Q: 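Structure below; questions to follow.
Remember, predicted model here, so these are calculated numbers, not experimental data.
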Amino acid sequence: ELVRGQITKLRDKGGSRAMDWNKDGSLLAVGDLEGDIQIWDGQNQLVASKDNEYSSDSVGVSFLSLDWHPSEDYFVATNHSIHLFDSAAKTKNVFEHSNKQAIILSTAWHPSGRYFVVGDYGHNWEGENVPSLLHFWSSGGTLLRSVSGSDGEYRNLSWTSDGSKLASASDVLRIWDRDGKLLHESPSNSINFLWGVDWSSDNAQIVTSSRFQEVKIWSDEGGLVRSTVLRPSLTSDKNDP
């Protein structure tokens with residue numbers, strides 16, 4: 001079994017950025033950078049897997065976000081498309097991403113399980129200006145709405161436990177209602193974009209982390225409570241991967 005303070009290594013051929021535990025913590029799903037899906041139990045045993053189905057010259061195959069359904073035994077995993085897998089790593093459905101030129105970095109089921117949100121990268125290079133968007137999808141594959149407003153990629157999403165508010169980490173912290181209406185927005189910082197975001201257990205505060213290792217605590221209305229710079233010597237305006 002997993003033990004606090006003990007490192008458990010998974011037998012994986014490559015790195016992974018997409019992983020999540022299922023509703024009761026018995027299964028860990030991992031989507032790796034090669035486009036494979038693996039499902040592990042708490043004893044470090046591989047219980048199911050699915051190799052990628054892409055040709056060797058395909059781009060955007062890496063799974064970069066993954067989230068289990070809050071009450072059912074399946075999960076969403078994203079790259080340039082949106083995939084639903086069951087607990088045996090079998091494909092349930094694939095949805096074509098509406099912002100086709102932007103890879104999806106984050107996803108989060110609404111606590112009700114009726115819909116989920118994905119946040120994509122967007123880009124602005126080679127004469128193209130592809131916006132970063134949030135997209136609300138029903139569990140059956142219907143695009144409910146797309147929301148603009150960010151000047152940076154959406155790297156992380158987090159719902160309150162009651163599903164009333166969604167926090168997003170991109171160029172700034174934004175707080176949305178359950179229908180995608182913007183409620184609050186923090187001051188902008190053109191360099192130190194946010195990478196991580198999560199709500200406290202009582203939904204009263206939000207914690208964010210940034211590319212320059214700054215951790216901030218916010219109120220539920222986006223007011224800064226306190227901040228800590230873990231390594232203040234890290235200052236750079238170069239683009240990170």
Q: Look only at the side chain of Arg226 and the backbone of Trp218, and say whether a donor-acceptor pair between them is shorter than 3.5 Å.
A: no

Q: Looking at Ser186 and Val172, would you say the former's side chain and the latter's main chain have a donor-acceptor pair under 3.5 Å?
A: no

Q: A side-chain contact here means heavy atoms from C-beta on lying under 4.5 Å apart; do Arg178 and Ser164 qualify?
A: yes

Q: Is any side-chain heavy atom of Ile37 less than 4.5 Å from a side-chain heavy atom of Phe75?
A: yes

Q: State whether Lys165 and Asp162 are salt-bridged, where the test is any N-O pair (Lys NZ or Arg NE/NH1/NH2 against Asp/Glu carboxylate O) under 4.0 Å.
A: no

Q: Could you state the interatomic distance from OH (Tyr121) to OG (Ser106), rounded to the nearest 0.5 Å?
A: 12.5 Å

Q: Check whether Asn93 reaches the backbone of Leu84 with its side chain - one donor and one acceptor, N or O, closer than 3.5 Å.
A: no

Q: Has Ser62 got a side-chain atom pairing as donor or acceptor with Glu34's backbone, closer than 3.5 angstrom?
A: no

Q: If hydrophobic clusters are built by linking Ile, Leu, Val, Met, Phe, Trp and Tyr wherever their side-chain heavy atoms come under 4.5 Å apart, do Ile175 and Leu194 end up in the same one?
A: yes

Q: Output all residues satisfying salt bridge (charged side-chain N to carboxylate O under 4.0 Å, His left out) with Asp73, sequence neighbours left out; order by chain, then residue number.
A: Lys23

Q: Just verifying a value: how many Å separate Arg155 CZ and Arg211 CZ, rounded to the nearest 0.5 Å?
A: 8.5 Å

Q: Would you check, one step at a time, whether the test side-chain contact (heavy atoms from CB on, under 4.5 Å) holds for Ser201 with Ser161?
A: CA-CA 8 Å; Ser201 58; Ser161 58; over 6 Å; no

Q: Is Asp36 reaching over with its side chain to a backbone N or O of Asn52, donor-acceptor style, under 3.5 angstrom?
A: yes

Q: Asp120 side chain to Ile104 main-chain N or O, any donor-acceptor pair under 3.5 Å?
A: no

Q: Apart from Val94 itself, what residues make up its hydrophobic cluster when side-chain heavy atoms of I, L, V, M, F, W and Y under 4.5 Å apart count as a link, directly or indirectly?
A: none

Q: Between Thr208 and Val215, is a side-chain contact (heavy atoms from CB on, under 4.5 Å) present by the stated rule, with each step listed?
A: CA-CA 6 Å; Thr208 62; Val215 176; over 6 Å; no

Q: Quick one: does His184's side chain get under 4.5 Å of Glu221's, heavy atoms only?
A: yes

Q: Are Ile82 and Met19 connected in the hydrophobic side-chain network, where two residues link if heavy atoms are under 4.5 Å apart?
A: no

Q: Looking at OG of Ser188 and CG of Asp151, how far apart are the two atoms once the value is rounded to the nearest 0.5 Å?
A: 8.0 Å

Q: Measuring only between side-chain heavy atoms, which start at C-beta, is Lys50 closer than 4.5 Å to Phe85?
A: yes

Q: Would you say the side-chain atoms of Asp41 pair up with the backbone N or O of Leu27, donor to acceptor, closer than 3.5 Å?
A: no

Q: Apart from Val117 itself, what residues make up its hydrophobic cluster, given side-chain heavy atom links below 4.5 Å?
A: Tyr115, Leu134, Phe136, Leu144, Val147, Tyr154, Leu157, Trp159, Leu166, Trp176, Leu182

Q: Could you go step by step and tell me if Val229 and Phe212 meet the side-chain contact (heavy atoms from CB on, under 4.5 Å) rule?
A: CA-CA 8 Å; Val229 180; Phe212 294 143; over 6 Å; no

Q: Using modelled atom types and a 3.5 Å cut-off, is there a donor and acceptor pairing between side-chain atoms of Asp32 and backbone atoms of Ser16?
A: no

Q: Please report the C-alpha distance between Phe63 and His83 in whole Å, then the side-chain angles of each, then the deciding distance to 0.1 Å, and finally whether the ring pair (Phe, Tyr, Trp, His ring centres under 6.0 Å) criterion is met.
A: CA-CA 10 Å; Phe63 286 109; His83 306 252; 5.2 Å; yes

Q: Is any side-chain heavy atom of Arg174 less than 4.5 Å from a side-chain heavy atom of Ser150?
A: yes

Q: Of all the heavy-atom pairs spanning Gly122 and Ala102, show the shortest one and how long it is.
A: N-CB, 3.4 Å

Q: Are side-chain heavy atoms of Leu64 and Ile103 found at a separation under 4.5 Å?
A: yes

Q: Can you tell me how far apart OG1 (Thr91) and CG (Asp86) are? Round to the nearest 0.5 Å.
A: 8.5 Å

Q: If I compare all heavy atoms of Ser87 with all of Ala48, which pair ends up nearest, and what's the gap?
A: O-CB, 4.1 Å

Q: Got a second to check how far Ser81's OG is from Phe95's CZ, nearest 0.5 Å?
A: 11.0 Å

Q: Arg17 versus Leu33: any side-chain heavy-atom pair under 4.5 Å?
A: yes

Q: Any sub-3.5 Å donor-acceptor pair from His69's side-chain atoms to Gly113's backbone N or O?
A: yes

Q: Count I, L, V, M, F, W, Y as connected when their side-chain heavy atoms are under 4.5 Å apart, and connections chain through other members. Are Tyr74 and Trp137 then in the same cluster?
A: yes

Q: Within the 3.5 Å criterion, strictly below it, is a donor on Gln205 or Asp220 matched to an acceptor on the partner's side chain?
A: no

Q: Using the rule given for side-chain contact (heavy atoms from CB on, under 4.5 Å), can you reason through Trp21 versus Trp68, listing the C-alpha separation, both sets of side-chain angles and the distance that settles it, and then say yes or no?
A: CA-CA 7 Å; Trp21 291 97; Trp68 282 87; 5.5 Å; no

Q: Could you measure the distance from the NE2 atom of His110 to the OG atom of Ser139? Nearest 0.5 Å is fine.
A: 12.5 Å

Q: Keeping Asp177 on the side-chain end and Gly180 on the backbone end, is there a donor-acceptor pair under 3.5 Å?
A: yes

Q: Verify the distance criterion only: is there a donor paired with an acceptor across the side chains of Thr107 and Asp67 at less than 3.5 Å?
A: no

Q: Using side-chain heavy atoms (C-beta onward) and a distance below 4.5 Å, is Val197 in contact with Leu173?
A: yes

